[in-house]
Protein chains: 2
Amino acid sequence: MNYNLEQTLETLRTVRLANKMSQRALSAKSGLPQSHISNIENGVVDPKLSTLIELARTLELELILVPRKRLPAVRAIVRNTGNVARDTDDGRVTRDGLRPAYSLDEDDA
Amino acid sequence: MNYNLEQTLETLRTVRLANKMSQRALSAKSGLPQSHISNIENGVVDPKLSTLIELARTLELELILVPRKRLPAVRAIVRNTGNVARDTDDGRVTRDGLRPAYSLDEDDA
DNA sequence: AAAATATATATAGTTTAATATATCAAATGA
DNA sequence: TCATTTGATATATTAAACTATATATATTTT
């Protein structure tokens, strides 16, 4: 129903998994009950802003508001980090040679 | 206490004002009570995620989660739009000639 | 197969967001 | 000055988030 919301929740789960964290691990780190994390990820509850921020921070994510106009540019930054050959976790190369969204830090600064 | 939260609320108010909208106008457009908007902007309440998104969308903002690492790059995009000479609303020129954060659209695509 | 781990789900109790509505004070404008 | 607009604040009610805890159901590992 709400694209922005679904997208946000999906990001949370994606990044958690990318960090190879279980809901329990995230629970331990964030202080939120595992059951609550499950409910949030599945859209069963509508978390409070502070809860979302807490969860995000634990996953080293920051929440920001972006003018809709700037969204494409911002997405471009968030999605990839530049053109690299070997890319994904398992050594696969994505079609366009770009990193997947929310890839783990391989420290490429 | 929570930088991310304060920042978010500040952005909401800033953009609302930049659009020359009163809380009542925003209320009418978003469907949320003016009293609630006031409480949210002042951090009196901890809004639900859906509420924040609703408010943001009304102001043509999208909420996204950004890897902390990418934050500087993203902020750079959100803050300015390039180097222009005359800049601010009233024709002032900022010191570095960049647009202020969350400037109104002058359509510079 | 059994054990361990991970996720989804349930219940009961507490806290708080959200609503409608109204009012007050301060700023703005006629 | 008087009227309007704006934002903050208050109250009462309803809905829902959040907590702790427990359990059931996968999924993975040994």
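The chains referred to below are lettered A, B, ... by the order of the sequence lines, with proteins before strands, and numbering in each begins at 1.
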Kindly say if Thr51(B) contacts the phosphate of dA18(C), meaning a side-chain N or O under 4.0 Å from OP1 or OP2. yes

Rounding to a whole Å, what distance do you find between Ile40(A):CD1 and dA17(D):P? 10 Å

Given the rule in the side-chain contact (heavy atoms from CB on, under 4.5 Å) test, do Ser38(A) and Val44(A) qualify, once you have shown the distances and angles that lead to the verdict? CA-CA 8 Å; Ser38(A) 171; Val44(A) 175; over 6 Å; no

I need the CG-C1' distance between Leu12(B) and dG7(D), as an integer number of Å. 16 Å

What's the closest nucleotide to the side chain of Val45(B) if the choices are dA17(C), dT9(C), dG7(D)? dA17(C)

Under 4.0 angstrom, heavy atoms only, what part of the nucleic acid is Ile37(B) near: base, sugar-phosphate, or nothing? nothing

Side-chain (Ser30(A)) to main-chain (Leu26(A)) donor-acceptor, under 3.5 angstrom: yes

Considering only heavy side-chain atoms of Ser35(B), the closest of dA10(D), dA6(C), dG7(D) is dA10(D)

Counting side-chain heavy atoms from CB outward, which of dT9(D), dA8(C), dA17(C) is closest to Arg13(A)? dA8(C)

Figure out the CG/P separation between Asp46(B) and dA17(C), and round it to whole Å. 6 Å

Which is true for Ser22(B) with a 4.0 Å heavy-atom rule: it touches a base, it touches only sugar-phosphate, or it touches nothing? sugar-phosphate

Report the distance from atom CD of Gln23(A) to atom C1' of dT27(D), rounded to the nearest whole Å. 13 Å

Does a side-chain N or O of His36(A) approach OP1 or OP2 of dT19(D) to a distance below 4.0 Å, or not? yes

Would you kindly give the CZ-to-P distance between Arg24(B) and dA20(C), to the nearest whole Å? 14 Å

If you compare every side-chain N and O of Asn42(A) against the phosphate oxygens of dA8(C) (OP1, OP2), does one of them come in below 4.0 Å? yes

Does the side chain of Lys29(B) reach to within under 4.5 Å of the side chain of Leu59(B), using non-hydrogen atoms? no

Hey, does Leu52(A) have a side-chain heavy atom less than 4.5 Å from the side chain of Leu12(A)? yes

Write down the distance between CG (Leu32(B)) and C1' (dT21(C)), rounded to a whole number of angstrom. 16 Å

Short side-chain donor-acceptor distance under 3.5 Å, Gln7(B) and Glu62(A): no

Rounded to whole Å, how long is the line connecting atom NZ of Lys48(B) with atom C1' of dA15(D)? 7 Å

Arg16(B) side-chain N/O to dG7(D) phosphate OP1/OP2 under 4.0 Å: yes

Between dT9(C) (P) and Glu41(A) (CD): distance, integer Å: 12 Å

Quick one: on DNA chain D, does Pro33(A) or Gln34(B) contact a more 5' nucleotide (nearest heavy atom)? Gln34(B)

